[in-house]
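Taking it in order: structure first as structure tokens, then the write-up.
Every chain is numbered from 1, with letters handed out A, B, ... down the list of sequences.
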Amino acid sequence: MSIIEFSKVTKTFGQHKVLNEASFTVPYGSVFGFLGNNGAGKSTTVRLMLGLLKPSDGEIRLFSHPSTIALPKCLNNIGCIIDAPALYQHLTANEYLSLTQRMKNIPKNDIDRVLNIVEMLPHKNGVISEFSLGMKQRLAIANALLGAPDLLVLDEPTNGLDPQGMVDIRELLRSLPKKTGSTIFVSSHLLSEVERIVSHVAIINRGEVVLQDTLKNLVSAEGKLTVSCEQLSNAKTLLSAADFQCSTNLSGELIIGGISKTQCSQIHHLLSKHRIDFWQSTFDQLSLEETFMKICNKQENVKSFDRKRVA
Amino acid sequence: MISQFINLIAIEFTKLKRSQALLMTLLCPLSVVGLQFLMVVEGGGKFVSDKGWDTYWYGAMSLWYMLMFPLYVALITSLVNGIEHKQDGWRFMATLPIKQWQVFVVKGLVSWLFVFIASVLMYLFTSASIVLMMLIGYDAEVSFTSPFLLHLTKAMVAALPIITLGHVISWRIKNIILPLALGVIMTIIASTVARSKYWVYDPWTYHIAATLNPREELNFQAIALGAVLGLSIFVLSAWLLNKREVFS
């Protein structure tokens with residue numbers, strides 16, 4: 001069961017295609033990371049999801065219903081932050097949260113509950129303009145949490161925060177699934193931040209969703225093997241001949257990239273068979289950032305190859 | 001539906017807490033009455049003609065409807081919508097279970113309510129200033145022939161087009177200066193056009209024609225024009241705006 005479903009969604013502004021047949025599904029209960037560079041189409045996707053923009057083509061389903069039917073009623077069940085949080089700076093935290101509370105017909109005591117979750121209860125009557133950026137972001141998250149929505153949509157939740165603010169918000173986001181039980185959709189370009197909190201990932205590049213998987217599958221699929229051995233050039237020639245991508249690092253170690261765990265034992269076997277002794281071999285999984293770069297670069301290469309072929 | 005609208009109006013008023021809207025609603029009529037008061041005191045009370053306090057009353061209302069009222073309309077519509085432009089509130093509102101046309105209607109109603117409150121305050125301050133003048137020794141025949149409620153109703157209906165236009169312009173334009181400048185320019189133009197036969201082509205003259213013109217048929221023409229034009233622009237704008245996407 002998916003809470004959000006994009007099927008071949010395209011969005012164009014004039015001649016410019018911002019989203020190109022984007023398809024992905026967000027499972028119920030997941031913490032879904034929607035990753036992409038600046039300008040990749042993340043915010044447009046979020047705005048389409050919430051009905052702020054209308055798709056040029058394709059279908060969006062929310063809570064198993066077409067968004068055209070589900071919205072704006074289901075917005076009662078969605079908490080969100082888009083880009084920088086929109087806060088009425090002259091209001092107090094309590095007054096600001098009361099806007100959403102009254103708009104969504106939520107009991108008044110829910111304000112204290114959400115302020116408690118984001119650890120802002122002592123600042124309930126503080127004026128927002130006097131808050132730090134991190135506190136404002138916490139308040140925006142509290143606003144999104146009002147009414148305990150089933151879906152939280154957070155667009156770049158750590159944008160503009162200092163390192164401490166980022167850590168605080170990351171810890172808060174990490175604790176949210178347990179505290180709220182909501183499905184969380186987080187869009188971000190800060191991969192290392194997202195990697196620590198998400199269970200599922202989709203990668204968007206230049207308006208195209210190029211990959212969707214669980215984080216576990218994505219980062220454990222590939223890695224690099226670092227081998228310390230004496231006959232370095234022999235080993236390199238041997239493995240290159242077997243179609244492995246080999247290089248050496250400054251410490252005189254052999255690096256074999258783009259391999260799976262099963263290929264590690266093949267390499268070990270090959271080296272032993274040719275009597276190349278190695279005293280250390282370490283397999284490192286690719287980080288989300290490395291995987292992301294690899295996927296994006298691969299797509300760029302395919303596109304430039306296609307362009308050359310057409311030319 | 002009605003309770004939802006009342007709730008939304010209350011929310012809009014919460015948003016305007018600690019903003020300049022409330023201060024301006026108090027200051028604009030107060031400054032007009034203050035000016036009229038000072039003019040009379042400076043003149044040694046020579047304002048009193050055969051009609052007594054009615055002259056004073058008419059002077060204050062002329063100042064209000066010809067000068068301050070259209071300026072206040074431009075100011076308040078700019079403030080009511082400017083709060084969203086300034087704080088990225090459109091995005092915030094768009095993510096709540098409320099349709100764009102509802103936001104438009106509610107904000108329009110709030111602007112109208114502010115104009116209504118300012119006008120009521122104008123009448124109250126004028127009455128209070130008369131009492132004050134009597135207390136400090138200025139005497140005249142007390143003859144309030146101007147019907148308070150009828151006067152107010154006429155103005156509020158006839159002013160519908162300028163409230164709506166101010167609302168639409170400040171909704172669409174982020175910069176608060178532009179709708180304000182337009183309000184000033186149209187006020188100056190209206191003060192001249194109101195006396196000509198072309199006043200029907202300038203919506204900024206309708207409230208003047210409805211309240212200050214002694215000819216009753218012109219009063220009703222201005223009110224009818226105001227009601228038809230104001231409501232038409234309002235409904236059309238709400239319908240068109242509802243189809244727009246939210247970019248900011």
Check: Passes side chain to side chain contact (heavy atoms under 4.5 Å, CB included), A:T92 versus B:R18? Steps please.
Finding: CA-CA 10 Å; A:T92 64; B:R18 291 180 214 97; 3.7 Å; yes

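The candidate from B:K99, B:Q4, B:E84 with the greatest count of non-hydrogen atom pairs under 4.5 Å with chain A is B:E84. Between chain B and the options A:T100, A:V153, A:I78, A:V127, heavy-atom pairs under 4.5 Å are most frequent for A:T100. Each of B:G89, B:P97, B:A10 has some count of heavy-atom pairs under 4.5 Å with chain A, and the biggest count is that of B:P97.
Between atom CG of residue A:L52 and atom CE of residue B:M93 there is a gap of 12.0 Å, rounded to the nearest 0.5 Å. From A:M103, atom CE reaches atom CG of B:L96 across 4.5 Å, with rounding to the nearest 0.5 Å. Here B:K15 contributes atom NZ and A:L91 contributes atom CG; the two are 9.5 Å apart, rounded to the nearest 0.5 Å. Once rounded to the nearest 0.5 Å, the distance linking OG1 of B:T95 with CE of A:M49 reads 13.5 Å.
Among the candidates A:I81, A:I82, A:L50, the single residue satisfying the side-chain contact (heavy atoms from CB on, under 4.5 Å) test with B:R91 is A:I82.
Neither the backbone nor the side chain of A:N77 comes within less than 4.5 Å of any heavy atom in chain B. Interface remark: B:L8 contributes side-chain atoms only to the contact with chain A (heavy atom separation under 4.5 Å).
Minimum interatomic distance between A:Y88 and B:I83 (heavy atoms only, all atoms of both residues): CE2-O, 4.2 Å. Of all non-hydrogen atoms in A:S98 and B:T14, the two that sit nearest each other are OG-CG2, 4.5 Å.
Within a 6.0 Å sphere centred on NZ of A:K104, other residues, nucleotides and ligands contribute more than 12 heavy atoms. No more than 12 heavy atoms of other residues, nucleotides or ligands shown are found within 6.0 angstrom of CD on B:Q20.
Within the 3.5 Å criterion, the main-chain N or O of B:L16 finds no donor-acceptor partner in the side chain of A:H90. A distance-only check finds a donor-acceptor pair linking the side chain of B:N7 to the backbone of A:R102 [under 3.5 Å].
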